[in-house]
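Working notes, structure below.
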Amino acid sequence: MAAASVRVTAVATIKVTVGGFLNSLRPSRAIDDVKDLIGRSLYLELVSSQLDAKTGQEKPRLQSYAHKVADNDAGVVTYEADFDVPPGFGEVGAVLVTNEHHTEMFLEDVNLYSSSASAGSNSDSDSDDGDDGARAAPLLAIRCKSWVAPKSADAKGNRKRVFFANKPYLPGQTPAGLRSYRNKDLEQKRGDGRGERKSTDRIYDYDTYNDLGDPDSDAGKKARPVLGGSAQFPYPRRCRTGRPMSATDPKTETRSSDNYVPRDEAFSEVKNLQFSVTTLRSVLHAAVPAVQSTLTDPNRGFPSFFVIDKLFEDGVELPKAEQLGFLHSVVPRLLQILRDGPGDHVLLFDTPANVQKDKFAWLRDEEFARETLAGMNPYAIELVTEFPLKSKLDPAVYGPAESAITAEVLERQMGRVMTVAEAVSQKRLFMLDYHDLFLPYVHKIRAQANTTMYGSRTVFFLCDDGTLRLLAIELTRPASPTLPQWRRVFTSSTDTTESWLWRMAKSHVRAHDSGHHELVSHWLRTHCAVEPYIIAANRQLSEMHPVYQLLHPHFRYTMRINALARSALINAGGIIELSFSPQRYAMELSSVAYDKLWRFDTEALPADLVRRGMAVEDPNAEHGVRLTVPDYPFANDGLLVWDAIKGWVTAYVARFYPDAGTIAGDAELQAFWTDVRTVGHGDKKDAPGWPALDSPASLAHTLTTIIWVASAHHAAVNFGQYDFAGYFPNRPSIARTNMPVEEPVDAAALAAFLDNPDQALRECFPSQVQATLVMAVLDLLSTHSPDEEYLGGMETAPWNDDATVQAAYGKFNARLKEIEGIIDGRNKDPSLKNRCGAGIVPYQLMKPFSQPGVTGMGIPNSTSI
C-alpha cells in the first residue's frame, strides 16, 4: 500500500507596523484588508531539502495561500496555510514567502505543525505576544525576523523571499535541495553595485566616506575630503547609498535623501519611538539655552559656575516652536506631547553621577588621573618606556623631537622618592600622548574662529597605593612662517598664578582627550571599524552559516546609527565640528589615527593592553597578561568579559569546525574574511596584524575580537559619557582660548587672566551653545533603549536548538552573571582606590546587564547607539 500524504499547517506570525504612518497608508491598508478577507495576501511555498533522486532536479515546491486567522492589540497577526506533504518529499528546509500586500510586513517566524497539532489553533492566536499558546511543539521552526517588501515594489522580479529552517550548515554540508537558494539569496544581498538604493532594499555594498561634505550648499565652508580609497586619507568603508554626485565636486556624493541602510538594519518600532522622543528631549535640552544665548552672542560663555550649576538645579520653560528655527517644522507634535506629558520641567538636565558624588571632583588632580583608568576613555593611557620622551615627527618641520619635560621636573613632582630612570625601569611612569597626533593640525585648527589647539603630553607616576599622581603637562605650538615654536611645561603649584595656569593646562588636555575619545576610541574603533564586518558578513555568509548566526546579534542597529551619525554628528557643520576643538578637521584626524594606530590584531583587549604597555604577556597570569597598573578598573573588569566571550566563541567554533581543514575548505568564511581585509578595510589590506583563518584557535580569536569591539569596547567608551562629561568642566569638548602665557604674549589676555582667572577659565570652556548641545547628545548616547539586547542575554540565545551550542551559551550567560557579582565586590573593596572611596563613582561600565535609561552599566550585544 502506498504511503499517504501528511497534512501540515504553516503558521506565520507577522508584526504589522503602521503606527504613526496609518493615515498615509490608509488606502493601501484598505486594499490589504480585502486581500486578507479573501485569503490572497500571503503566499507560502515549502522547499524540500532534497533533490529528486531520479532527475537530480528540485522537487516541486508545495504552494498555498495563507489566510489571516487572528490579530491582537499588539499588532501581531497570525496567518495559516495548509499543505499536503506527499510521501518522499523529504525534510522541509526553507519556505519562500511572497507578500501580496501593497505594504511591507515584518515576518516574525513560520512554524510547521502536523494537522492534529494545529487543530484549535484559532483559540490560541489571541495571546499578547503572538506566540502559539498551548499549541504542541512545531515540527519545524523557521526564524524570520525580517521585513518583506510587497512584490509590487520589486521591479527586478525578486519577489520571493527565502527563509531557511533554524539549522545551520557550512557551505559544503548544505543539503542539495537548498544550495541554489543559498547562493541566490547571497547574490541578491550583494546587488550589482549600480543605481541609488531604495529604503526597501536589502543590498549590502561598500563605498568610501565621500558624503561628509556638502559643497553644493557652501563649497567654501562645507567641502570635505573623501575619506577612504587614498594613501592620504585611508579609512574603513561604509554602506553604499548610490546617491548622485555633487555638481560642485564630482568626488562628493550629494545629501539629496536619507542615508540608506538595508531594510533589516533599521530600528525597531520601540527603538524608533524611544530614539525620536529622546532625541527631541535632547535637542530641546540644547535648544533652550541656545535660543537664549544666540539672541545676543552664539559664542557667549557661561557668566559664572553658578549658571552652569543651574542647568541641573532648575527646570527650563519649554520654548515656543517658532523659537526653534529649523526645528519648527519637525517637532511641533512631539513638542506638544512633552507639554502634555512630563510637564514644564521636562528640560531639566539630570545631575551626572560624578557631580552627585563630589561636585568639586573635577578640580582635583587625583580625579583627573583616576579617570584615565576608570573613566570614559580608558584606551589612551600608555606606559613610558624610554626617557626623555621623543616625537616621531620630522624635527625640521615640527621642532626638536625631545620633550621639554625634564627629569628634574618629574623628580621634583615625585617628591624625590626615586629617579626618573628608576621609575621607568620599575614601570611607574605613564602618559597621555597627544603630541604627534594633534601637532600637525595645530595651525590649521587655529585658523578657525573660537578654537585653539596644542600638541600635548601628560605624565603620571604610579604610587604605592595603586593610584596615579599627575606630574606634568607639556603644551606645544609648532613653528609657523611667522612664529617660532612655543612650548611650556606646567605643574601643580602653591603659587596662585601657577595654580590657575595649571587648571587651564588641564582643561586643554581634557579637551584633547575628549577629541581623542569621540573621534578615535569611540567613533573610529567601534562604529566605523565594525561596519565593514557587517557588510562583508551579509555579502559572503549565508544566513544558514553558523558564523553568520553567531555574529548577527552583534551587528544590530549599527549601520542605522552610523547612517544617522553621517547625517548629523560627523558631517560638515555637524555636532562634532560645532562642538569639538578640531572642528572641520575632526574626521581628517580620525583618518590619521586609523592610518597610524589601527590594527586588527591590537583591537583584541589583551593585545591592546600589551601594545600600550599597560600589560605584559604572562602565561601564568589569570588572563594570560599581567597588568602594569594592578588597579586598572577597565582592564580588570574587561578581561573578565573578554575571557567569557572567548570561552563561548571557542566552544561554538569547536562545534562546527573540528579541524583546520574544515576552516580552509569553507569558501564562504574565507570570502568573508577576504572581503573584510581587502575591501571593507582595503586601505590597510597589506598592513600587519591580519590573522589568517587557518585553525579553530585563530578563527575563535578573530570572532572574539569582532564581538568584543562591537559590544564591550563600545560599552566602555559610550555609556559613561553623560556620567563623566555631562558636567562639562570635567571634560570640556573644546578649548577656545590660548594659554595666557603663550608667546608672544597677548598683553590684554594676560592682564584679563591675572585680573579674573575664574572668568578666563570659563572663557576657555565651551560656549553655552556648545556645552548644552554636547550635554544633550551625551545624554542621548548614554541611554539604553527599552528593547536593548545584552551580551549573553537569553533573549538572543542561538537560533538553532543544537544541544552543544545551547549548553555553551547557557554557561556564557551564567558566567556573565557571576562577573556582575565580582564587579560589585570590587567596587566595595576599599583597597581598590581607583574605584572605591569617598566621592568616587564606582566602575560599572563592564557590568553586562542594565535597565533602560542612563545607568552607566550594561553591555549591549552591538554598537546600537
Side-chain angles (χ1 to χ4, degrees), residues 5-16 39-51 58-69 76-86 88-101 104-115 117-118 121 125 130-132 135 137-151 154 157-169 174-189 202 263-264 542-545 548-549 552 799-801:
S5 64
V6 178
R7 189 73 165 172
V8 167
T9 298
V11 179
T13 305
I14 293 172
K15 184 86 169 184
V16 178
R40 306 282 292 184
S41 54
L42 190 65
Y43 191 57
L44 304 180
E45 302 175 71
L46 305 186
V47 178
S48 173
S49 295
Q50 304 168 4
L51 297 178
E58 179 185 351
K59 293 182 178 181
R61 299 189 293 270
L62 307 182
Q63 305 170 341
S64 179
Y65 275 101
H67 58 281
K68 177 179 175 181
V69 296
V76 176
V77 183
T78 303
Y79 289 78
E80 288 189 359
D82 292 326
F83 299 89
D84 288 322
V85 182
F89 183 77
E91 182 181 2
V92 176
V95 61
L96 301 184
V97 179
T98 304
N99 178 8
E100 301 278 359
H101 282 126
E104 65 180 354
M105 60 174 61
F106 187 81
L107 185 59
E108 291 276 357
D109 51 46
V110 175
N111 295 296
L112 301 187
Y113 299 87
S114 67
S115 56
S118 64
S121 61
S125 56
D131 65 16
D132 299 309
R135 191 194 300 274
L139 300 173
L140 179 69
I142 300 177
R143 180 189 188 278
C144 303
K145 294 200 176 292
S146 177
W147 289 97
V148 181
K151 72 176 185 179
D154 196 334
N158 299 324
R159 298 172 180 175
K160 300 178 188 293
R161 279 291 307 279
V162 62
F163 294 98
F164 300 104
N166 299 352
K167 186 175 181 180
Y169 292 103
T174 310
L178 302 179
R179 289 174 187 164
S180 64
Y181 291 99
R182 181 173 186 143
N183 293 333
K184 184 177 180 181
D185 190 51
L186 280 173
E187 289 173 3
Q188 290 179 354
K189 290 175 78 173
R202 55 189 293 262
R263 186 63 184 95
D264 287 339
S542 167
E543 293 175 18
M544 303 174 74
H545 199 291
Y548 180 90
Q549 295 184 10
H552 184 263
W799 303 351
N800 64 79
D801 57 3

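For this chain, numbers begin at 1 and follow the sequence in order.
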d(Ile142 CD1, Leu46 CG) to nearest 0.5 Å is 7.5 Å
Which distance, rounded to the nearest 0.5 Å, do you find between the CZ of Arg179 and the OG of Ser542?
13.0 Å
Hey, does the side chain of Ser48 reach the backbone of Phe89 with a donor-acceptor pair shorter than 3.5 angstrom?
yes
Looking at Leu178 and Ser49, what are the two nearest heavy atoms and their distance?
CD1-OG, 3.9 Å
Please walk me through it: do Lys160 and Val162 pass side-chain contact (heavy atoms from CB on, under 4.5 Å)?
CA-CA 6 Å; Lys160 300 178 188 293; Val162 62; over 6 Å; no
Value for CD (Glu100) from CE (Met105), rounded to nearest 0.5 Å, stands at 9.5 Å
Report yes if the side chains of Arg143 and Asp109 come closer than 4.5 Å at any heavy-atom pair, otherwise no.
no
Any side-chain heavy atom of Asn166 sitting closer than 4.5 Å to one from Asp801?
no
Derivation of the side-chain contact (heavy atoms from CB on, under 4.5 Å) call for Val97 and Leu44
CA-CA 5 Å; Val97 179; Leu44 304 180; 3.9 Å; yes
Considering all heavy atoms of both residues, which atom of Lys59 and which atom of Gly90 are nearest to each other, and what is their separation?
NZ-N, 4.2 Å
Please tell me if the side chains of Val110 and Cys144 come closer than 4.5 Å, counting only heavy atoms from C-beta onward.
yes
Would you mind checking if Glu104 and Arg202 are paired as a salt bridge, meaning a charged N to carboxylate O distance below 4.0 Å?
no
Below 30° counts as parallel, above 60° as perpendicular, anything between as tilted: where do the rings of Tyr43 and Tyr65 land?
tilted
Might you point out which heavy atoms bring Glu543 and Trp799 nearest each other, and give the distance in Å?
O-CZ3, 4.0 Å
Determine, step by step, whether Phe163 and Val148 satisfy the side-chain contact (heavy atoms from CB on, under 4.5 Å) criterion, reporting the C-alpha distance in whole Å, the side-chain angles of both residues, the deciding distance to 0.1 Å, and the verdict.
CA-CA 11 Å; Phe163 294 98; Val148 181; 3.9 Å; yes
Donor-acceptor check, side chain of Arg161 to backbone of Trp147, threshold 3.5 angstrom: yes or no?
yes
Straight-line distance of Leu62 CG to Asp82 CG, nearest 0.5 Å:
12.0 Å
For the residue pair Ser114 and Leu139, what are the closest heavy atoms and their distance?
N-CD1, 3.5 Å
Going through the distances and angles, do Tyr181 and Glu58 end up as a side-chain contact (heavy atoms from CB on, under 4.5 Å)?
CA-CA 11 Å; Tyr181 291 99; Glu58 179 185 351; 2.3 Å; yes
Report the distance from atom OG of Ser146 to atom CD of Glu108, rounding to the nearest 0.5 Å.
10.5 Å
Taking the side chain as everything from C-beta on, heavy atoms only, tell me whether Lys145 gets closer than 4.5 Å to Phe106.
yes
Rounded to the nearest 0.5 angstrom, the CG-CG distance for Asn111 and Leu140 is 8.0 Å
Tyr113 side chain to Glu80 side chain, donor-acceptor N/O pair below 3.5 angstrom
no
